[in-house]
Amino acid sequence: MAIPSKYEITEREAYWREFWAQHNIYAFDENSDKPIFSVDTPPPYVSADHLHPGHIMSYSQAEFVVRFKRMQGYNVFYPMGFDDNGLPTERHVEKKYKIKNKDAISRSEFVKLCLEETQKGIETYRNLWSLLGISVDWSKTYSSINPHSQKIAQWSFIDLYRKGFLSQREEPIMWDISFQSALAQTDLEDSEQDSHLNDIIFKSENTAEDLIIATTRPELIPAAVALFFHPEDKRYQHLIETKAITPISGHSIPILTDETVDREFGTGLMMVCTWGDSEDIAKWKKYKLETRLIFNERGILGELAGAYAGTHISKLRNSILEDLKAQNLLIKQTPITHTIQVSERSGTPIEFIITKQWFINVVEHKEALLEQGRKLNWNPKRMFSIYSDWVSSLKWDWCISRQRYYGVPIPVWYHRETGEIILPQEDELPVDPTEYTPRGYKAEDLIAEQDVLDTWMTSSMSPEIGAKLVENPDIAAKLFPSSLRPQAFEIIRTWLFYTVTKAYFHHNTLPFTDVMISGHGLDTQGRKISKRLGNFTPPETTIATYGADAMRYWATGTTLGENIRYNEEEIKKGKKTVNKLFNVGKFAEMHLVNFTLPDTASELELIDKWILSELNQTIEIATHSFEQYEYYKARTAIDQLFWNKFTDYYLELIKYRLYDESPEGQNSRKAAQYTLYIYIESLLKLYAPILPFITEELYQGLYSDTESKSIHNSTWPKTNTNWQLSEEENNLMTDILAVVEAVRAYKSQNSISLGKEIESFNYTSTQDISPYEVFLTKALRVGKFIK
RNA sequence: GGGCGAUUGGCUCAGUUGGUUAGAGCAUCUCGUUUACACCGAGAGGGUCGUAGGUUCGAAUCCUACAUCGCCCACCA
């Protein structure tokens with residue numbers, strides 16, 4: 001197959017994409033006995049078309065390593081997943097179809113819309129990933145809402161229940177009043193808001209004196225259940241064991257002491273409600289305080305809110321402050337800026353209500369989970385601290401039930417009479433309890449669980465969901481644990497933590513051995529790329545302009561875990577590299593016509609051995625670097641070899657030999673051809689993980705004699721000790737290269753064209769390079785060297 | 001407040017265990033129509049490696065403090 005005369009990037013990349021697909025170049029081979037390398041590919045959210053260069057960066061970086069492993073002889077299992085489950089999808093559909101009230105649409109209609117939107121998202125990703133040349137095995141694809149994934153997520157629930165890691169408890173839980181669903185610790189986000197610290201008068205029931213408390217949430221006064229002060233606070237000793245009367249609601253609450261109260265804050269008196277924050281819950285639990293819930297799951301105020309009943313909690317603060325003012329009970333308002341926790345998805349400040357929810361008991365296993373995390377091979381190492389910080393700071397068990405429409409149903413029924421919890425058999429999965437009756441029961445005896453599972457409940461099973469795409473159970477078993485988990489650092493505390501947790505609880509193992517954590521994509525000014533700011537060029541546009549190889553080249557531009565700025569110059573450099581490779585390919589093709597690799601190596605000249613020894617060194621560096629996930633280092637070394645050693649020197653120095661038609665020059669010419677042949681093949685292979693398109697083009701054009709043999713299934717280059725230079729040869733080469741440089745400088749400074757022959761050149765050298773004078777005079781067009 | 005990361009020529013970034021004149025690309029300047037390539041080639045200029053101390057024969061690299069920027073966590077009701 002010949003190399004085309006011109007490299008039309010878009011057209012040729014499309015050609016090779018099609019070629020790879022047709023020949024199943026990236027398919028996992030179930031019949032192979034090669035060692036397996038399995039990847040736990042991140043399943044991206046498909047709920048919105050928000051793909052930007054940051055995604056390109058992180059997927060490419062992982063893919064460099066995957067391609068390297070494939071060429072190293074691994075049977076690569078590289079599936080693709082799509083996370084189309086859960087709240088983000090619901091929200092996207094609500095927004096897009098302007099669904100304000102879910103009562104206006106049936107559950108099944110709504111789910112149908114979700115699935116439709118999901119499908120569109122999958123197409124967007126799939127198109128871009130193919131465009132980029134991501135070498136996933138598209139025959140191994142899952143979506144997190146499909147039956148395969150649902151089955152595994154539900155199995156997980158059942159297995160955890162049977163093993164005692166699950167519990168159903170009624171307790172205060174973080175709640176999103178706008179979505180009306182429970183939230184897990186990780187669904188929260190900080191939001192800085194301007195507010196007031198209000199000094200408000202309570203009355204002592206016993207002495208009728210004024211008790212001043214400071215609060216940012218005066219609306220919770222009707223929910224107040226106690227006042228606290230520090231046990232050693234001299235100002236309030238006489239109040240121990242007495243009671244206070246709240247303003248507005250006028251109910252009586254105990255006054256207690258606790259060491260966690262800060263004497264310096266406000267007046268040193270603290271109001272505890274049910275519940276304003278986790279501190280409230282802690283004290284409520286510790287002192288077994290009363291429970292006063294003033295609003296329901298929609299945020300509507302109830303009886304305990306007295307006159308305010310029927311209105312919404314969000315309106316209560318102003319009403320209460322006005323009423324306090326009217327009664328002269330509000331003494332002071334201090335403006336403050338503080339950080340409150342809001343629901344990540346809705347932006348609504350979280351509230352606490354008490355409901356029955358399912359939990360995975362993670363808090364009591366903190367130590368073990370920390371230990372599991374420690375056993376992972378983290379790349380880069382420092383990313384482990386994000387994991388350990390998170391695990392150490394866990395305060396709540398993982399709440400896995402969600403009061404939502406679109407998700408994997410919790411596979412549970414409750415017996416109408418006894419309340420007994422009924423689980424389906426494994427072979428019945430997946431089930432929707434609201435539409436299915438488990439074997440051995442009658443529908444009328446059962447109450448179906450309405451809630452669905454947290455979306456992380458499914459994605460935390462991704463290594464197994466992926467592995468089980470292979471039907472043969474023996475082979476599937478070999479795919480778990482995965483070899484590699486690539487992901488972004490933002491989801492260490494969610495996806496990574498939950499996956500580690502699941503593998504530990506289910507199998508007492510790690511879900512994967514190696515972790516590769518990528519950084520953020522930033523815009524040209526160093527700001528985080530986001531859909532909201534719109535500060536990015538769509539990757540499709542960039543690829544159309546410069547090609548996928550060039551875009552991938554940009555992604556090598558930073559070390560793993562570091563953020564990378566979008567930099568069009570780097571992409572241009574990628575394109576230049578592609579162009580240069582192409583031209584070298586054309587040149588080689590021209591000079592390798594009718595050349596076949598001889599059985600025995602040709603008699604190499606010093607310069608030939610030199611470039612091959614440079615190749616040796618680069619192979620070593622690149623191999624080691626890719627193994628350490630240091631694709632950047634690999635690329636730099638390969639670039640050096642290609643640009644600075646090969647095109648700058650070697651190629652120019654052997655041209656005269658390649659063009660030599662004389663009979664006495666044929667041995668030398670063959671040696672140069674031989675070197676060219678060997679060198680370029682290895683060079684292409686070295687670049688192949690980073691630049692899959694152009695390397696395939698040239699490999700097919702120069703080397704492949706079969707229709708289906710791809711460079712990406714070829715073997716990774718090996719070093720050859722025959723190419724090692726002796727110390728003497730090495731010194732000689734150093735001098736020869738110095739002479740080359742000197743001649744070039746001389747010509748450049750004297751405005752002489754490099755191609756023009758000069759009569760003589762003065763040089764000094766530490767080695768005796770006289771045997772190479774003929775070579776130098778020919779290669780450099782110098783009549784005579786004068787020492 | 002605690003933790004992590006960053007700070008290197010105009011710009012974007014490398015510098016693995018401390019070791020000869022600190023590297024690359026882009027940009028700048030000079031030169032060159034050379035038979036793979038002008039998406040090219042050759043040459044040149046440009047950095048007291050954020051600041052201040054310390055360890056060492058020797059520090060961009062190790063230690064301490066500080067400054068600026070970014071991120072994460074905890075946040076006083």
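By convention in this document, chain letters (A, B, ...) are assigned in the order of the sequence lines, proteins followed by strands, and residues within each chain are numbered from 1.
Side chain to side chain, Tyr566(A) and Thr542(A) meet the donor-acceptor criterion of an N or O pair below 3.5 Å. At a cut-off of 3.5 Å, with distance as the only test, a side-chain donor of Tyr287(A) or Asp258(A) sits close to an acceptor on the other residue.
The phosphate of C4(B) (OP1 or OP2) has no side-chain N or O of Arg382(A) nearer than 4.0 angstrom. For A14(B), one of the phosphate oxygens OP1 or OP2 lies less than 4.0 angstrom from a side-chain nitrogen or oxygen of Thr558(A).
To the nearest angstrom, P of C4(B) lies 18 Å from CD1 of Ile517(A). In this structure, Arg781(A) places its CZ atom 14 Å from C1' of G32(B), rounding to the nearest Å. C69(B) atom C1' lies 12 Å from atom CG of Asn563(A), rounded to whole Å. At whole-Å resolution of the value, CZ in Arg493(A) and C1' in C73(B) are 9 Å apart. Rounded to a whole Å, the NZ atom of Lys756(A) is 17 Å from the P atom of C31(B). Note: CG (Leu227(A)) to C1' (A77(B)) measures 11 Å, nearest angstrom. Put simply, CG on Leu581(A) is 16 Å from P on C37(B), counting in whole angstrom units. Residue Asp639(A) contributes atom CG, which lies 11 Å from atom P of C26(B) at whole-angstrom precision.
When the P atom is used for both G18(B) and G58(B), the distance is 15 Å, rounded to whole Å. The C1' atoms of A59(B) and U12(B) are separated by 26 Å, rounded to the nearest whole Å. Only the P atoms considered, C13(B) is 27 Å distant from C66(B), to the nearest whole Å. Taking atom C1' on both nucleotides, G47(B) is separated from A22(B) by 8 Å, rounded to a whole Å. Taking atom C1' in both U48(B) and U8(B), the straight-line distance is 12 Å, to the nearest Å. Taking atom C1' in both C72(B) and U17(B), the straight-line distance is 29 Å, to the nearest Å. Comparing U35(B) with A42(B), their P atoms sit 15 Å apart, to the nearest whole Å. Going from the C1' atom of C4(B) to that of A44(B) covers 42 Å, rounded to whole Å.
Base pairing of A65(B) is made with U51(B), judged by Watson-Crick or G-U wobble geometry with both donor-acceptor distances under 3.5 Å. Pairing for C71(B) is with G3(B), a Watson-Crick or G-U wobble pair whose two hydrogen-bonding atom distances lie under 3.5 Å. The partner of A44(B) is U28(B), by the rule that a Watson-Crick or G-U pair needs both atom distances under 3.5 Å. Nucleotide U34(B): unpaired (no Watson-Crick or G-U wobble partner with both distances less than 3.5 Å). Applying the Watson-Crick and G-U wobble criteria (two distances, each under 3.5 Å), G58(B) pairs with nothing in any strand. For G18(B), there is no paired nucleotide, since no Watson-Crick or G-U wobble pair has both relevant distances below 3.5 Å. Nucleotide C13(B) has G23(B) as its partner under the Watson-Crick or G-U criteria, with both atom distances under 3.5 Å.
Nearest to the side chain of Asn567(A), among U12(B), A14(B), A77(B), sits U12(B). Among the nucleotides C75(B), C4(B), C76(B), the one closest to the side chain of Asp262(A) is C76(B). With U34(B), A6(B), A77(B) as the candidates, the nucleotide lying closest to the side chain of Glu562(A) is A6(B). Comparing A77(B), U12(B), G32(B) by their closest approach to the side chain of Met270(A) singles out A77(B).
Results of the ring pair (Phe, Tyr, Trp, His ring centres under 6.0 Å) test with Trp275(A) over Phe352(A), Trp175(A), Trp284(A) single out Trp284(A) as the only residue that passes. Shown are Tyr387(A), Phe489(A), Tyr629(A); of these, the ring pair (Phe, Tyr, Trp, His ring centres under 6.0 Å) with Trp378(A) is made only by Tyr387(A).
Projected onto RNA chain B by closest heavy-atom contact, Ala588(A) and Asn750(A) fall at different nucleotides, the more 5' of which corresponds to Asn750(A). The residue among His520(A) and Ala214(A) whose nearest nucleotide of RNA chain B is located toward the 5' end is His520(A).
For Phe595(A) and Tyr677(A), the ring centers are positioned less than 6.0 Å apart.
The residue Glu569(A) sits close only to the backbone: its heavy atoms come under 4.0 Å of sugar-phosphate atoms, none of a base. Counting any heavy atom pair closer than 4.0 Å across all strands shown, Thr216(A) reaches sugar-phosphate atoms only and no base atom. When heavy atoms are screened at a 4.0 angstrom cut-off, Leu651(A) is found touching base atoms of the nucleic acid. Across all strands, Lys633(A) comes closer than 4.0 Å to base atoms (heavy-atom distances). At the heavy-atom level, Tyr632(A) lies under 4.0 Å from the strands shown only through sugar-phosphate atoms.
The OH atom of Tyr649(A) lies 11.5 Å from the CD atom of Glu614(A); values are rounded to the nearest 0.5 Å.
Proximity of a side-chain donor or acceptor of Tyr632(A) to a complementary backbone N or O of Ser625(A) within less than 3.5 Å is not detected.
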**Message:** Return a single string for nucleotides 39-46 of chain B, one symbol per nucleotide in 5' to 3' order, where B is base contact, S is sugar-phosphate-only contact and - is none, cutoff 4.0 angstrom on heavy atoms.
**Reply:** BSSBS---
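A salt bridge does not link Lys747(A) to Glu757(A): none of the charged nitrogens lies less than 4.0 Å from a carboxylate oxygen. Taking the charged nitrogens against the carboxylate oxygens, Glu570(A) and Lys573(A) have no contact shorter than 4.0 Å, which rules out a salt bridge.
At least one cation-pi condition fails for Arg552(A) and Phe64(A): the charged atom is not both under 6.0 angstrom from the six-membered ring centre and inside a 45 degree cone around its axis.
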